[in-house]
Amino acid sequence: MTLIPHFIAGAETAEAERTGPVYNPATGEAHRTVAFASAAEVEQAIAAAKAAGPAWRATSLIKRADVFFRLRQILAERTPEIAAIVTSEHGKVLSDAAGEVSRGIENVEFAAGLVHLLKGEHAEQVARGVDVHSVKQPVGVVACITPFNFPVMVPLWMVASAIACGNTVVLKPSEKDPSAAIWLAKAFQEAGLPDGVLNVVNGDKAAVDTLLDSPDVKAVSFVGSTPIAKSIYERASANGKRVQALGGAKNHMVVMPDADIDAAAAAAVSAAYGSAGERCMAVSVLVAVGDVAEPLIASITEKVQNLRIGDGTDAASEMGPLVTREHRDRVESYVAGAAAEGATVLIDGTQRIAAGERLDENGFFTGISLIDHVKPGMKVYEDEIFGPVLSVVRVASYAEAIELINAHQFGNGTAIFTRDGGTAREFEFDIEVGMVGVNVPIPVPVGAFSFGGWKASLFGDSHIYGPESIHFYTRSKVVTTRWPDHTPAQVDLGFPSNH
Ligand code: NAD
């Protein structure tokens, strides 16, 4: 069976003491194994990153940018190859995997503008003959820890900006679908990135803890579930590192009575069931305002009639399996428990039927679920389920919708569907969520903006990729300069004043 290795100082490692299985979720077969790094192997990767730091930092910005231009080309030309790798370990359909590569390319394009991004500021003549300028310098070795659900895009969210800023990186991808990260590291190498600038260690908590405790790691970017994000934030910040730790979500989509119901229903189906709901920006709660619930549910029910669920490599499949059997069973447990909580299960995915056909029992498939009359306090409402489960909460007014969303522990993404510009503007002003869509169900910001949620969806104060990532991955240094200007020198023990 193929062993997925680590990638340290430009080379794949050959052996592993500890390994874990990697499944093809569509067949249920453990078709690969992945190496689980020991503390010594992680230390080796950190040392490789540290050693590569001075030369990379000293590399001209134009040469650094060249790497990103070449990488962009590789990713664009070989999208089908990397998408197939993603599908074989994650399960998402090929078109969706290609979509994540395309969104990852945006981060590479952003990083290619690094000469502009790394410009500092200059103020001339702050005092007589005195100028001040600021520079942005790399922080050093950056640890990037990523989740299973976007094995290409999320690593690129972090790695592209971190490397562009002159840092070196140790990436620890999810052990559930680790091959994409190794592919990415080799693509960077092919694009001209010097060995050691990007290292990949595979593994679990043991590998992560070594990264969090190493004094040589200066910054940590994490994306994953909220409990782990919180623990990463606490441990890494207690060790004096800067940390951004993005967590889970429960994204609400508000549908106002004046909305285009057909468009809102199509958006809800796409955003709730795309990628089997395993997106941190998936819509998992529909907030139906006034009397909109009945027509909205009717339209959704009609649209999902013929939804095809199957192997992601089959071009006819619109939704693939969940990532593991355990995760599938957990998702189904929420649906199974919803009726006892007082909700109405309109479509029961635990029956594992789609378009009239039984789903393959070998793969980790579940059907889609639609649950009505969901209320705060129910588990199906409060928890992140991370599967193809859409809950409908009925509220009487816009104000009630706002109150509901603002009271939820998560604040990653949200959307409002309305034809009224005034209501949309009010929503943007009122809502306590980091990313907002107006008639856009999955408002993932384009690469030139930054991505991040509020509340339990993000620990730390920097959003990820885009302009905030340049701030996160650099330290600013401010230089105050005076050159001899023929004025007589004076001794003055007072505190320097610019007035
Ligand atoms: P996860 O938290 O289980 O794992 C994320 C990473 O942490 C993996 O690399 C994993 O190996 C590591 N890890 C797991 N347990 C650990 C532990 N005890 N100590 C140290 N490291 C540990 O998340 P997942 O299941 O891979 O991904 C799904 C989650 O990620 C969902 O909650 C989803 O909402 C979230 N997510 C959030 C965003 C966002 O931008 N906010 C984006 C994508 C995914």
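Everything quoted here is computed from the prediction, not taken from an experiment. Order of listing sets the numbers, starting from 1, for every ligand and every atom in it.
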Main chain of [Y], side chain of [X]: is a donor-acceptor contact present, judged purely on distance under 3.5 Å?
| X | Y | value |
| --- | --- | --- |
| N167 | A162 | yes |
| N406 | E432 | yes |
| S214 | L211 | no |
| E12 | H6 | no |

For ligand 1, is there an N or O atom under 3.5 Å from any N or O atom of [X]?
| X | value |
| --- | --- |
| K205 | no |
| G248 | no |
| V223 | no |
| E175 | yes |
| G224 | yes |
| N149 | no |

Are S88 and R32 linked by a side-chain donor-acceptor pair shorter than 3.5 Å?
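Yes, because at least one side-chain N or O of S88 sits under 3.5 Å from a partner of the opposite role on R32.
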Quick one: nearest non-hydrogen protein atom to [atom], plus distance?
| atom | result |
| --- | --- |
| atom 42 (C) of ligand 1 | C280 SG, 2.9 Å |
| atom 28 (C) of ligand 1 | F386 CE2, 3.6 Å |
| atom 27 (O) of ligand 1 | P147 CB, 3.2 Å |

Under 30°, 30 to 60°, or over 60°: which ring-plane class applies to W157 and F451, parallel, tilted or perpendicular?
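Ring orientation of W157 relative to F451: tilted.
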So which of S457, A206, S225 gets nearest to atom 2 (O) of ligand 1, if we judge by its closest heavy atom?
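Closest candidate by heavy-atom distance is S225.
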Identify which of I228, V208, L212, L171 has a heavy atom lying nearest to atom 16 (C) of ligand 1.
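Selected option, by shortest heavy-atom distance: I228.
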One residue to check: [X]. Relative to ligand 1, which of side chain, backbone, both or neither has a non-hydrogen atom less than 4.0 Å away?
| X | answer |
| --- | --- |
| E384 | side chain |
| D204 | neither |
| T146 | backbone |

Please verify whether a non-hydrogen atom of [X] lies at under 4.0 Å from ligand 1.
| X | value |
| --- | --- |
| S231 | no |
| G453 | no |
| W157 | yes |

Could you go step by step and tell me if E234 and K230 meet the salt bridge (Lys or Arg N to Asp or Glu O under 4.0 Å) rule?
CA-CA 6 Å; E234 287 168 355; K230 188 162 183 286; 3.1 Å; yes
List every atom of ligand 1 that sits less than 4.0 Å from any heavy atom of F451, numbering the atoms from 1 in the order shown and giving each element.
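Those qualifying, in numeric order: 39 (C), 40 (O).
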Does the pair D216 and K241 meet the rule for a salt bridge (Lys or Arg N to Asp or Glu O under 4.0 Å), with working shown?
CA-CA 10 Å; D216 287 328; K241 305 179 197 317; over 6 Å; no
Could you check D383 against K250 for salt bridge (Lys or Arg N to Asp or Glu O under 4.0 Å), going step by step and ending with a plain yes or no?
CA-CA 7 Å; D383 294 0; K250 192 84 176 178; over 6 Å; no
To the nearest 0.5 Å, tell me how far E17 CD sits from T19 OG1.
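Interatomic distance, E17 CD to T19 OG1, rounded to 0.5 Å: 11.0 Å.
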Stepwise salt bridge (Lys or Arg N to Asp or Glu O under 4.0 Å) test for K375 and E341:
CA-CA 9 Å; K375 292 193 170 61; E341 293 190 291; over 6 Å; no
Is there a protein heavy atom less than 4.0 Å away from atom 19 (N) of ligand 1?
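It does; a protein heavy atom is within 4.0 Å.
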